[in-house]
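As structure tokens, the structure follows; a few thoughts come after it.
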Amino acid sequence: MTEDDRTEQGRSDFIRDVIEDDLRTGKHGGRVVTRFPPEPNGYLHIGHAKSICLNFGVAEQYGGHCNLRFDDTNPLTEGVEYADSIVYDVNWLGFSFGDRARYASDYFDEMYQLAEELIGDGKAYVDHLSDEEIKAYRGSLTEPGRPSPFRMRTAEENLALFREMRGGALPDGCCVLRAKIDLGSPNMKMRDPLLYRIRHAHHHRTGDAWPIYPMYDWAHPISDAIEGVTHSICTLEFENNRELYDWVIDSTRVSERHGFSRPHQYEFAPLNLDYTIMSKRLLLALVEEGSVNGWDDPRMPTIAGMRRRGFRPEAIRAFADLVGVAKVNSTVDIEKLEFCVRNDLNWTAPRVLGVLRPLKVTVTSWPEGKLEALTAPYFPPDVGKPGERTIFFQREILIERDDFLIDPPAGYQRLAPGRTVRLRYGPCITCDDVVTEEGEVVELRCHHVPESVGKNPAGVKVSGVIHWVGAAESVSAEVRLYDRLFLAARPDDPANELNPDSVEVITNARLEPSLAGAEPGSSWQLERVGYFVFDPVDSRSDAPVLNRIVTLRDSRPGRAEPAVPTSEVKASRTSTRPAKRSRIEYRAEARVRDPLLADRFATWSALYGLPEGDVDLLTGDRPSGDLFEAATAAGAPSAAVARWMINELPHELNDRLLDETPLTGSGLGALVLAAEMGEITGAAAKEVFAEMVQRGGDPAQIIAERGLAQVSDEATIAAIVDHVLAAHQDKVDQYRAGKTGLFGFFVGQVVRSSQGRAKPEVVRQLLGVRLD
RNA sequence: UGGCGGGUAGUUCAAUUGGCAGAACGCCGGACUUUGGAUCCGUAGGUUGGAGGUUCGAGUCCUCCCCCGCCAGCCA
């Protein structure tokens, strides 16, 4: 992958499907407007980055625009510091919202006005129940709620009380404004949700102008509608709020007032990442408890933390593309992020030499004081970028302590006594002597192989290539090696599962001299060691500090970590929950209430020769049974009618009630008969059936109009077969080479070419002859 | 014990709307040899949650079952 591939081919996800569909049907007059709606109560993290890339990404892709909108409806937790950081982070990620930074608080006046109107319509009331009482009155997941004693107040009374709330004389918690919807709703969010609460608090934008603040469920849909948002994209946990979102839009008619089509809410799965947490609350706790050094600690999954760690926005955007968008709750491998980071840095980070844990090497064959200038390119040939610098070979150099072993294991491609290795960009050296102090290796004495710079020495086996710096010609640096913040892939109790070794500080690393004046924030690859960034906060030119961004991918055999068992959760959790009431029970109950249904259930099995399961499905309600009776009365075989009603009808109905459709028993009977008699194919019959359910009509007429009569004439079909095979010669070759699964593909192509009229059995038979 | 949403390779996602179950990451292996990197090549990995059914043909349609997530804040 190159840098340019980022803006790649057509991604496919359900959100983009919806948008493309809406664009086709002109639902919003061709507009695409999205919004990214953070609450300014914390720093943005990688999960928000996914949402940002989605919202800004689709807006850009479909020629629309995306607003940055602050959901600032709770003054207690929000602040300017957070709002500022969010603006900065979104821009840093590479998305521009121009002058479209919006605040829910900008709309407080209109929201208030709409609330007064809602009260006037009798759709909201002021409730003086306490918070505990409201909770108790709301019922439970299985029991309906009870009305508050204040629910029946008149509109005038409510309006006066609401204005009193707004006036500011009432204390916090005194009362709230609630929507009057449905306390018996199976959706808890619809049980008279709160719209406004009293909060005498200073707001970072509106100051002390408001003693009351709107709740999310009131503020969000109205804000979307005011801004003309078309696709309001949020995370899965808001699925239950969608019904209320629609209720607010419809009840206030706010979209019409602003001359826009109404927005629709769509939910996607939030990002979860191995070994990290996304909860703002828990991240805040880490900051407050000092487990990390602030929101921009390089170990934090915040945008600020990743920026300081050295991740570039391109990498984060590539990651968002890589993980995609779906509705399944999932957890992404941290390796995917690391892959994107490496992939990005590979193209952008110059290669330089640096030694983390130096070991002194004296090249005894090299004269004291002699410096040899060596030219080293910044990028390898496959990256192909220009640039080079000079490094100096000298008598005393430093190599990585890990690159020498007295007693090397098999396959060790580094230095050992008697072995020869190449110094990157320099000559080869051979280890002659090991100097130890108290059992520890403190120095190596080597000689260099003459004429070995830039060419392989004859007759000498080179074990490998190692990095190095000159002992005198190098700069000292502090290096911070970061590891994952948590020990567990999915911490249950994050505060107690912190990785104690999430950062290791090395104070005496040595870098090649060209790095002396490196810019804070610039990123480099220390060859064979990893990618590093000069810390934008702590690094100074006289005291450089490097953060390890990510290690290089380690392809040494056997170095891979064992796969994390992620299926634990699935395996260990068994359901203690009894099966919920199924449709089978609903049908049984209907028969208890309706003797006619009970009678049909008891007799139809024998009467029509149907299996009991089929009879159950046909006798759960009257319209189904009526239709069945009428269709069989029209002369169609009962078993076939039952099959059509059971297998095809529910799908075609798609939520509608049977008696709301123009489908008639005689029509169904005639269709089934036509299909049974072989007048039309099954595929054509389905097409006719769909038409009859949607718009009604006589099957014979529809068949005639659309020319759907079955074709079983071999000559006609053979012509189509030949045409299809000729058009897909490559597939024919594959088929003959053994990919027999393609047979279905050919059948499909032929049937499609005939508009569903060709008899499949004949198609199969002819194809079989042609292909073998 | 309600409602809503979901279940395709180890992971994250595709599958032209009923017609070839694929890609990327990861893994394993190979090639290369001035990064144990990059790059290139290859292998393995699937009862599409399960069982029935409809169909010439089902990941996709029907029925039943199983599993996972979310919802009872005056948070968003």
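Below, chain A is the first sequence line, B the second, and so on; all start at residue 1.
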Residues R757(A), E687(A): salt bridge by 4.0 Å N-O rule: no

G22(B): syn or anti, per glycosidic angle within 90° of 0: anti

Y137(A) OH to F150(A) CZ distance, which is reported to the nearest 0.5 Å: 8.5 Å

Polar-atom pairs under 3.5 Å, protein N or O versus N or O of nucleotides 47-53 of chain B: list them with distances, or write none.
residue : atom : partner : partner atom : Å
G53(B)  : N2   : N647(A) : OD1          : 3.4

Spacing of L345(A) atom CG and Q525(A) atom CD [to the nearest 0.5 Å]: 8.5 Å

Same-atom distance (C1') from C61(B) to U17(B), integer angstrom: 12 Å

Distance in angstrom units between I646(A) CD1 and C64(B) C1', rounded: 13 Å

A21(B) to C25(B) separation - P atoms, rounded to the nearest Å: 24 Å

Nucleic acid footprint by protein, nucleotides 15-21 of chain B - heavy-atom cut-off 4.0 Å, B for base, S for sugar-phosphate alone: S--BBB-

Which residues share a side-chain contact (heavy atoms from CB on, under 4.5 Å) with E400(A), sequence neighbours left out: V355(A), L356(A), R357(A), D402(A), D403(A), H467(A), V529(A)

Sugar-phosphate, base or nothing in reach of G613(A), heavy atoms under 4.0 Å: nothing

Whole-Å C1' distance, U33(B) and G7(B): 46 Å

Salt-bridge contact E512(A)-R424(A) (side-chain N to carboxylate O under 4.0 Å): no

Separation of atom CD in E239(A) from atom C1' in A72(B), rounded to whole Å: 17 Å

Touch class at under 4.0 angstrom, heavy-atom based, for N456(A) against every strand present: sugar-phosphate

Pairing residues for P75(A) by the side-chain contact (heavy atoms from CB on, under 4.5 Å) criterion, not counting sequence neighbours: R199(A), A201(A), H203(A), Y213(A)

Residue pairs involving residues 133-144 of chain A (criterion salt bridge (charged side-chain N to carboxylate O under 4.0 Å, His left out); sequence neighbours excluded): none

Partner residues of E648(A) under the salt bridge (charged side-chain N to carboxylate O under 4.0 Å, His left out) criterion, sequence neighbours left out: K686(A)

Contact list for RNA chain B against residues 460-469 of chain A - heavy-atom distance below 4.0 Å: V465(A)

For E652(A), side-chain contact (heavy atoms from CB on, under 4.5 Å) partners two or more places apart: F689(A), A690(A), V693(A), Q694(A)

P-based separation of U34(B) from U47(B) [nearest Å]: 45 Å

Touch class at under 4.0 angstrom, heavy-atom based, for V453(A) against every strand present: base

Separation of U11(B) P from I334(A) CD1 (nearest whole Å): 16 Å

Partner set under salt bridge (charged side-chain N to carboxylate O under 4.0 Å, His left out) for D131(A), not counting sequence neighbours: none

Partners meeting side-chain contact (heavy atoms from CB on, under 4.5 Å) with A83(A) (sequence neighbours left out): P40(A), F70(A)

Integer-rounded Å distance: C71(B) C1' and L244(A) CG: 12 Å

Nearest-0.5 Å distance that lies between atom CG in N241(A) and atom CG in D246(A): 11.0 Å

With sequence neighbours excluded, residues passing side chain to side chain donor-acceptor pair (under 3.5 Å) with D733(A): Q729(A)

Dot-bracket encoding per residue of RNA chain B, Watson-Crick/G-U cut-off under 3.5 Å, | denoting interstrand: .((((((..((((.....[..))))..((((.......))))......(((((..]....))))))))))).....

Torsion-based syn/anti label for U17(B), 90° from 0 as limit: syn

Pairwise distance CE(M215(A)) to OG1(T73(A)) - rounded to 0.5 angstrom: 8.0 Å

Touch class at under 4.0 angstrom, heavy-atom based, for R424(A) against every strand present: base

Inter-nucleotide P distance (G22(B), G59(B)), Å rounded: 12 Å

Touch class at under 4.0 angstrom, heavy-atom based, for Q525(A) against every strand present: base

